[in-house]
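Structure first, then comments.
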There are 2 protein chains.
Amino acid sequence: MEDITLAPFAKKKLSDFVEESLNDYIDSLLKDGRTKLPPEIELAQDLSVSRTTIRRALSNLENRGVILRIHGKGTFINPNLSQAKLNITSGLPLLQLIENCGFKASVKVLDYDTAQPSPLQQSALKLKENSQIINISRVYYADKIPVVLLIDNIPAKYIGKNLSEKELENSTFELIRKHAGVLCIRDEVHISTANSGSIAAYTMGSNIINSDTALVFDIINYNEVNLPIFISKQFFNTNYITFNMVRILDVYE
Amino acid sequence: MEDITLAPFAKKKLSDFVEESLNDYIDSLLKDGRTKLPPEIELAQDLSVSRTTIRRALSNLENRGVILRIHGKGTFINPNLSQAKLNITSGLPLLQLIENCGFKASVKVLDYDTAQPSPLQQSALKLKENSQIINISRVYYADKIPVVLLIDNIPAKYIGKNLSEKELENSTFELIRKHAGVLCIRDEVHISTANSGSIAAYTMGSNIINSDTALVFDIINYNEVNLPIFISKQFFNTNYITFNMVRILDVYE
DNA sequence: AAGTGGTCTAGACCACGTC
DNA sequence: ACGTGGTCTAGACCACTTG
């Protein structure tokens, strides 16, 4: 018998279903060697939705780099589609990110302890005095190569105590959703870099991701009413994980 | 007499004007210590536009991290607003980026030469045999500290020959717009990191941005019909320039 | 019950590209 | 002239919060 826990999840919009349909449709077009999509009005009729809904789904696909829209000509599959797999703006769970990249992904828990929050953590998470923080360090592997180091700082109230190693292999996102019914729906990321010295400072001296330079994400995760829930620090070995981003520029005078 | 060159520029949408108005309005609210915006319907009436147009402008501000919207409660100014200045998805010109960050920005041309394209450049830019590439290296300073190294590879056809140092201090974006009437409206960015060795490889051995690790953007710029126009490589010293990003996550089962 | 943001529709008109 | 994507409007209905 599996242990079922009831926990909230976000509702899907019509345009999300449309986006999925279009995604599948694009795959099938590619198999036939076709690169042009039907006009928006036609797509709207085929899927029995309004043109606005189609356009919302297409905009999502455009921002993810999947399609290109050319005014007056049509909508086309991005010929660089393969580069769009690791979109930096997607915010996918790390295991899924690594899988998307074509690797076999796995995770190992490095460390798990309870501590007093630092003053910085206390103010970022708006914590009261005497509250406790759970720290979880994990390494993510791509085909057995360590590529990401993740350190999460989570207020104790959002997470079970004495979690098993098996449970800790779930994402923190999942843990707090199952344990406290809290959904993080937004994050703010600071992007910087680190040298081997500053990586080692987070892993008791051993440079576990085995690179002399790393991409660093400092993340604060928020729930739907903008309450800061937990903090993440992610180190990426960019010899294996390089992100992509599509930008549509404002080019005014 | 100034030398006026006619060159195309993008048209502004109504929602862009609305966004600017809202931006100014937000500044004035902040001066009064207020953090809540009026309801969307009210904003729409005040600015004499439809609610849809207001919502588009608000969505832009939300993606830039300027505001927060909470279902059922209202629209609020993001208390972390100051962190939103260097949004990685904005694609602003580097001088403007550095100024936004609160520094005095300047630029120096390091190198300027003509060469045969490498096979990689040739395929990325879809160049013919025997075409030529102009390479421009520039360093950008924040308060006299070198913080960005930029290397552009531009097909000769898009840019004037024998440009003066003064002209080269303009962005490549400007140069090709003025010279060839070409507008880049989209780019694709690969994000990685570099150690001091790989930075020095691009500056004849001297590590000009003076950091043992850098954030690297490899960029291909496209025009409105998806033709690749030119290539950029940007090295950021993240001791001075750290980017921010706001992500609104899809949290489905 | 009232207020506010979120999603969706139907339709109009415009701008750009092709023939 | 026609087809296509881009912007905007007006209005409906839903979901969430507050009183």
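No experiment lies behind these values; they were computed from the predicted model shown. Chain A is the first sequence line, chain B the second, and so forth, proteins listed ahead of strands; every chain is numbered from 1.
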Determine whether [X] and [Y] make a side-chain contact, defined as any pair of heavy atoms from C-beta on separated by less than 4.5 Å.
X: Leu58(A); Y: Leu37(A); result: yes
X: Glu169(B); Y: Arg138(B); result: no
X: Phe217(A); Y: Val148(A); result: no
X: Thr172(A); Y: Ser232(A); result: no

Using atom [atom1] of [X] as one end and atom [atom2] of [N] as the other, report the distance to the nearest whole Å.
X: Glu40(A); N: dT7(D); atom1: CD; atom2: P; result: 11 Å
X: Lys36(B); N: dT18(D); atom1: NZ; atom2: P; result: 11 Å
X: Leu68(B); N: dG5(C); atom1: CG; atom2: P; result: 13 Å
X: Lys13(B); N: dG5(D); atom1: NZ; atom2: P; result: 17 Å
X: Leu47(A); N: dT7(C); atom1: CG; atom2: C1'; result: 17 Å
X: Phe76(B); N: dT4(C); atom1: CZ; atom2: C1'; result: 10 Å
X: Leu58(B); N: dC8(D); atom1: CG; atom2: P; result: 14 Å
X: Leu43(B); N: dG3(C); atom1: CG; atom2: C1'; result: 14 Å

Atom pairs, protein N/O to nucleotides 14-19 of chain C N/O, distance under 3.5 Å:
residue	atom	partner	partner atom	Å
dA15(C)	N3	His71(A)	NE2	2.8

Taking OP1 and OP2 of [N], is either one under 4.0 Å from a side-chain nitrogen or oxygen of [X]?
X: Arg55(A); N: dG6(D); value: yes
X: Arg69(B); N: dT4(C); value: no
X: Ser15(A); N: dC8(C); value: yes

Out of dT7(C), dT4(C), dG5(D), which nucleotide sits closest to the side chain of Pro39(B)?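 That would be dT4(C).
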
Closest to the Thr75(B) side chain, choosing from dC8(C), dT7(D), dG5(C):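 That would be dG5(C).
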
Lys/Arg-Asp/Glu bridge criterion (N-O < 4.0 Å) met for Glu40(A), Arg69(A):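 Result for this pair is yes, salt bridge flagged.
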
Could you check whether Arg64(A) pairs with Glu19(A) (Lys NZ or Arg NE/NH1/NH2 to Asp/Glu carboxylate O, under 4.0 Å)?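 The answer is yes: the pair qualifies as a salt bridge.
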
Is the number of heavy atoms from other residues, nucleotides or ligands under 6.0 Å of Leu30(A) CG greater than 12?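 Count over threshold, so yes.
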
Regarding Asn87(A) and Asn244(A), is there a side-chain donor-to-acceptor distance under 3.5 Å anywhere?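 Result is no, nothing qualifies.
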
Which side-chain hydrogen bond (donor to acceptor under 3.5 Å, both in side chains) pairs, counting each pair once, include a residue from residues 22-38 of chain A, with sequence neighbours left out?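 Those involving residues 22-38 of chain A do not exist here.
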
Give me the distances for all protein-to-nucleotides 9-13 of chain D N/O pairs that come in under 3.5 Å?
residue	atom	partner	partner atom	Å
dT9(D)	OP2	Ser50(B)	N	3.0
dT9(D)	OP2	Ser50(B)	OG	2.7
dT9(D)	OP2	Thr53(B)	OG1	2.3

